[in-house]
Participant: 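My questions will all concern the structure given below.
Keep in mind that the numbers below use all heavy atoms, side chains included, and drop hydrogens, waters and symmetry copies.
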Amino acid sequence: MRILLSLLLLSVVAFSQPSKKELYDRARDVLRKSLECRDYERAGEALDYLKTNVENGAPLSEMEEYLVNLELGRFEDALVFYGDIHRDIFDKNYTRPAVSRVEVEDLLNRYLIQTNKMDKRFVDSLCVRIDASDERQEYKLLHKTLIYLDFVAAHASTVGEGDDVVVLNYNEDLSSLEEFLALIKKYVEEYPYSDHAAYLKDLFIGPVQKYLEEQKQFKQDPLGQKYYTGGFGFYMYMGFGFMTGEGSDYLNYESDTPIMLGLDFRVKRFDLSLFWSFGYITGYNFKKCDVDVKEMSSGGINIYGREGTWAVGASLGFVAYDSKYLRVEPFVGVSSLRYDHLASTTLVPEFMLGNNVDFRFYAAQPSSVGAYAHSFLLRFKYMMHIGSVEEKCCNNGKDFSAVRHTFAFGIGAELW
């Protein structure tokens, strides 16, 4: 009987004691309610209890601990984690020890997220509190710098080929960026040998300065950042041309308002251009050709025909001048005019040089720095083609020089 009574008492005591999970849940609930009521002394006790039992499985993430420390005014304790996590992300020479903590989503977690939204008002208020604290001056400056870093930049750390790659996307609040830049410069200048100075200087000062300059220039002239940049375009021309050199003595060459189509691929100042044109009229000039006309005619050769020919070419241009309305681009390349109906005539590929003069009459404003924009332009194009013709029926089969001149005027559309 006594044994049964003892077992009953032990079971009652066991069931009356809360489990660890219940104790941790109660501590998190007390912490949340204390923060809501601004009872910071009790909140501090609850936080310390959870921190003491983290190794025993108490649910408390490092970010939760950091945010609670901010509310309690324990800024040096907060900076231990905050500085360490930033150094781990941005300093390739530092690896943070692995930390394993239990994380849960409950009312405390939601409260901390809702009351610590990273907006300008929150950042300014937090920096004022940090300035008024008893924290060391170095820690104050570092803490404010890192807070502004999180506010002005969305950062992610990825691993590529064994090295940490930092990806930054700055927001559009230029005044905050200027404040951030001022804080970094001050911190690096006053504490050049600290653990954080090197990566702050190398990763942020130069890029942020460049970004600010680009944004200011974009506001002054949205198209300014597009000059001398890449893109691609399509063009359609009409024009005329003529031939000089020895070739004009043996071949009739004229243009019947030829049509030219062009495609440009641009990388910075360089432009790779391809074109195809048709509508040229060619034929034999028998005043110079010492041939048997009847014999050639009987052989089925169209010696009297004045038929259309076509030309192709490729060039590499260099943008010598670019502005909102005007662009000048000299180029060199190769081209070839095809005499399809003159069976005995072969045109060796020509060396080509010329110039494009573009008048940009419409350009859409890009939405941001680096964003694509489209434009429409009028183009005047001059090409000089220097080559030779091997004519088997004329000139005893010898080569003779031929220089073609092409003038074209057209319209184009570009994405730049």
Side-chain angles (χ1 to χ4, degrees), residues 63 66-67 69-71 73 75-76 78-79 81-87 89-91 112-133 135-157 165-192 194-227 229 324 364-373:
M63 182 54 69
Y66 168 72
L67 295 175
N69 277 325
L70 288 185
E71 290 207 35
F75 295 114
E76 288 200 23
L79 185 59
F81 159 73
Y82 202 55
D84 206 36
I85 198 68
H86 280 79
R87 189 180 174 197
I89 293 173
F90 297 114
D91 188 349
L112 292 174
I113 293 175
Q114 291 174 358
T115 56
N116 292 276
K117 292 182 179 179
M118 190 66 76
D119 55 25
K120 189 66 166 67
R121 184 177 179 181
F122 173 80
V123 169
D124 290 340
S125 174
L126 183 56
C127 288
V128 169
R129 291 176 56 212
I130 291 173
D131 278 332
S133 70
E135 197 174 10
R136 287 170 50 186
Q137 188 61 35
E138 178 184 352
Y139 292 170
K140 287 182 181 180
L141 188 54
L142 175 61
H143 206 161
K144 291 190 296 181
T145 301
L146 297 181
I147 289 170
Y148 262 93
L149 168 58
D150 284 343
F151 175 61
V152 302
H155 53 71
S157 180
V165 179
V166 178
V167 182
L168 298 173
N169 296 297
Y170 299 107
N171 65 23
E172 297 180 358
D173 186 351
L174 298 187
S175 62
S176 295
L177 268 176
E178 290 173 339
E179 293 179 55
F180 171 53
L181 184 60
L183 286 169
I184 291 183
K185 287 183 174 180
K186 184 176 181 181
Y187 180 81
V188 171
E189 181 180 348
E190 294 185 6
Y191 308 101
S194 74
D195 292 335
H196 300 270
Y199 74 80
L200 287 174
K201 178 182 178 181
D202 296 340
L203 292 181
F204 295 103
I205 291 182
V208 172
Q209 283 180 329
K210 180 181 179 182
Y211 179 83
L212 281 171
E213 291 172 0
E214 289 176 345
Q215 292 297 325
K216 290 177 180 178
Q217 292 174 0
F218 179 76
K219 286 191 172 183
Q220 294 173 357
D221 181 9
L223 291 177
Q225 44 114 13
K226 290 296 179 185
Y227 309 143
T229 59
K324 184 175 182 179
Q365 181 172 314
S367 59
S368 61
V369 175
Y372 277 103

Participant: How long is the span from the CG atom in L146 to the CG atom in L79, to the nearest 0.5 Å?
Facilitator: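 Nearest 0.5 Å value for the CG-CG distance: 7.0 Å.
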Participant: Which pairs count as salt bridge (Lys or Arg N to Asp or Glu O under 4.0 Å) when at least one residue sits in residues 203-218, sequence neighbours excluded?
Facilitator: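 Sorted result for residues 203-218: E178-K216.
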Participant: Quick one: are F90 and H196 in side-chain contact, heavy atoms under 4.5 Å?
Facilitator: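 A side-chain contact is absent here, since even the closest heavy-atom pair is not under 4.5 Å.
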Participant: Once rounded to the nearest 0.5 Å, what's the spacing between atom CG of L203 and atom CG of L149?
Facilitator: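 It is 9.5 Å, given to the nearest 0.5 Å.
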Participant: What distance separates T145 OG1 from F180 CZ, expressed to the nearest 0.5 Å?
Facilitator: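 One gets 7.5 Å once the value is rounded to the nearest 0.5 Å.
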Participant: At their closest point, which heavy atom of A78 faces which heavy atom of H143, and how far apart are they?
Facilitator: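 What the structure gives for the nearest pair is CB-CE1, 4.2 Å.
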Participant: Are the aromatic rings of F122 and F151 close, with centres under 6.0 Å apart?
Facilitator: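 Not under 6.0 Å, so no.
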Participant: Could you please spell out the steps behind the side chain to side chain contact (heavy atoms under 4.5 Å, CB included) verdict for K201 and I184?
Facilitator: CA-CA 7 Å; K201 178 182 178 181; I184 291 183; 6.0 Å; no
Participant: Look up atom CZ in R129 and atom CG in L70, then write down how far apart they are to the nearest 0.5 Å.
Facilitator: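 Here the interatomic distance stands at 7.0 Å.
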Participant: Side chain of S125, backbone of R121: donor and acceptor closer than 3.5 Å?
Facilitator: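 Side chain of S125 to backbone of R121, a donor-acceptor pair under 3.5 Å: no, none is there.
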Participant: If you apply the rule salt bridge (Lys or Arg N to Asp or Glu O under 4.0 Å), what do you find for D131 with K140, and how did you get there?
Facilitator: CA-CA 6 Å; D131 278 332; K140 287 182 181 180; 5.5 Å; no
Participant: Just how far is it from atom CG of L67 to atom OG1 of T115, taken to the nearest 0.5 Å?
Facilitator: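 Output value for this atom pair is 7.5 Å.
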Participant: Using a 3.5 Å distance criterion without hydrogens, assess whether the side chain of R87 forms a donor-acceptor pair with backbone atoms of Y82.
Facilitator: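 Here the side-chain-to-backbone pair does not exist.
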Participant: Could you report the tightest heavy-atom contact between P366 and A371, atom names first, then the distance?
Facilitator: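 Shortest heavy-atom contact: CB-O, 3.7 Å.
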Participant: Measure the shortest side-chain to side-chain distance between I205 and L200 over non-hydrogen atoms and say whether it is less than 4.5 angstrom.
Facilitator: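 No; the side chains remain at least 4.5 Å from each other.
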Participant: Between D91 and H86, is the side-chain hydrogen bond (donor to acceptor under 3.5 Å, both in side chains) condition met? List the steps.
Facilitator: CA-CA 8 Å; D91 188 349; H86 280 79; over 6 Å; no
Participant: Heavy atoms only: give me the nearest K120-S176 pair and the separation to one decimal.
Facilitator: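 Of all heavy-atom pairs spanning K120 and S176, the closest is CE-OG, 3.1 Å.
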Participant: What's the shortest heavy-atom distance between P192 and A197, and which atoms?
Facilitator: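 Shortest heavy-atom contact: O-CB, 3.5 Å.
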Participant: Could you check whether atom CZ of F218 has more than 12 heavy atoms from other residues, nucleotides or ligands sitting under 6.0 Å from it?
Facilitator: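 It does: F218 CZ has more than 12 such atoms within range.
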Participant: Tell me every residue that passes side chain to side chain donor-acceptor pair (under 3.5 Å) with Y148, counting only those two or more places apart in sequence or in another chain.
Facilitator: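 For Y148 the side chain to side chain donor-acceptor pair (under 3.5 Å) partners, ignoring immediate neighbours, are D124, E179.
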Participant: Can you tell me how far the CZ atom of F204 sits from the OH atom of Y211, to the nearest 0.5 Å?
Facilitator: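 Between atom CZ of F204 and atom OH of Y211 there are 14.0 Å.
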Participant: Find out whether Q365 and L223 are in side-chain contact, i.e. whether some heavy atom of one side chain is under 4.5 Å from a heavy atom of the other.
Facilitator: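 Of all side-chain heavy-atom pairs linking L223 with Q365, none is under 4.5 Å.
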Participant: Determine whether S194 and Y187 satisfy the following criterion, side-chain hydrogen bond (donor to acceptor under 3.5 Å, both in side chains), listing intermediate values before the conclusion.
Facilitator: CA-CA 9 Å; S194 74; Y187 180 81; 2.8 Å; yes
Participant: Is any side-chain heavy atom of Y191 closer than 4.5 Å to a side-chain heavy atom of Q137?
Facilitator: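 They are in side-chain contact.
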Participant: Treating K324 as the side-chain partner and D221 as the backbone partner, does any N or O pair qualify as donor plus acceptor under 3.5 Å?
Facilitator: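 Judged by distance alone, no pair lies under 3.5 Å.
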Participant: Are the side chains of L112 and E71 in contact, using a 4.5 Å heavy-atom criterion?
Facilitator: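 The answer is yes; the side chains approach within 4.5 Å.
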Participant: Could you pull out all residues at least two apart from Q217 that satisfy side chain to side chain donor-acceptor pair (under 3.5 Å)?
Facilitator: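 Not a single residue meets the side chain to side chain donor-acceptor pair (under 3.5 Å) criterion with Q217.
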Participant: Going by heavy atoms in the side chains, are N116 and L126 under 4.5 Å from each other?
Facilitator: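 Contact flag for N116/L126 side chains = no.
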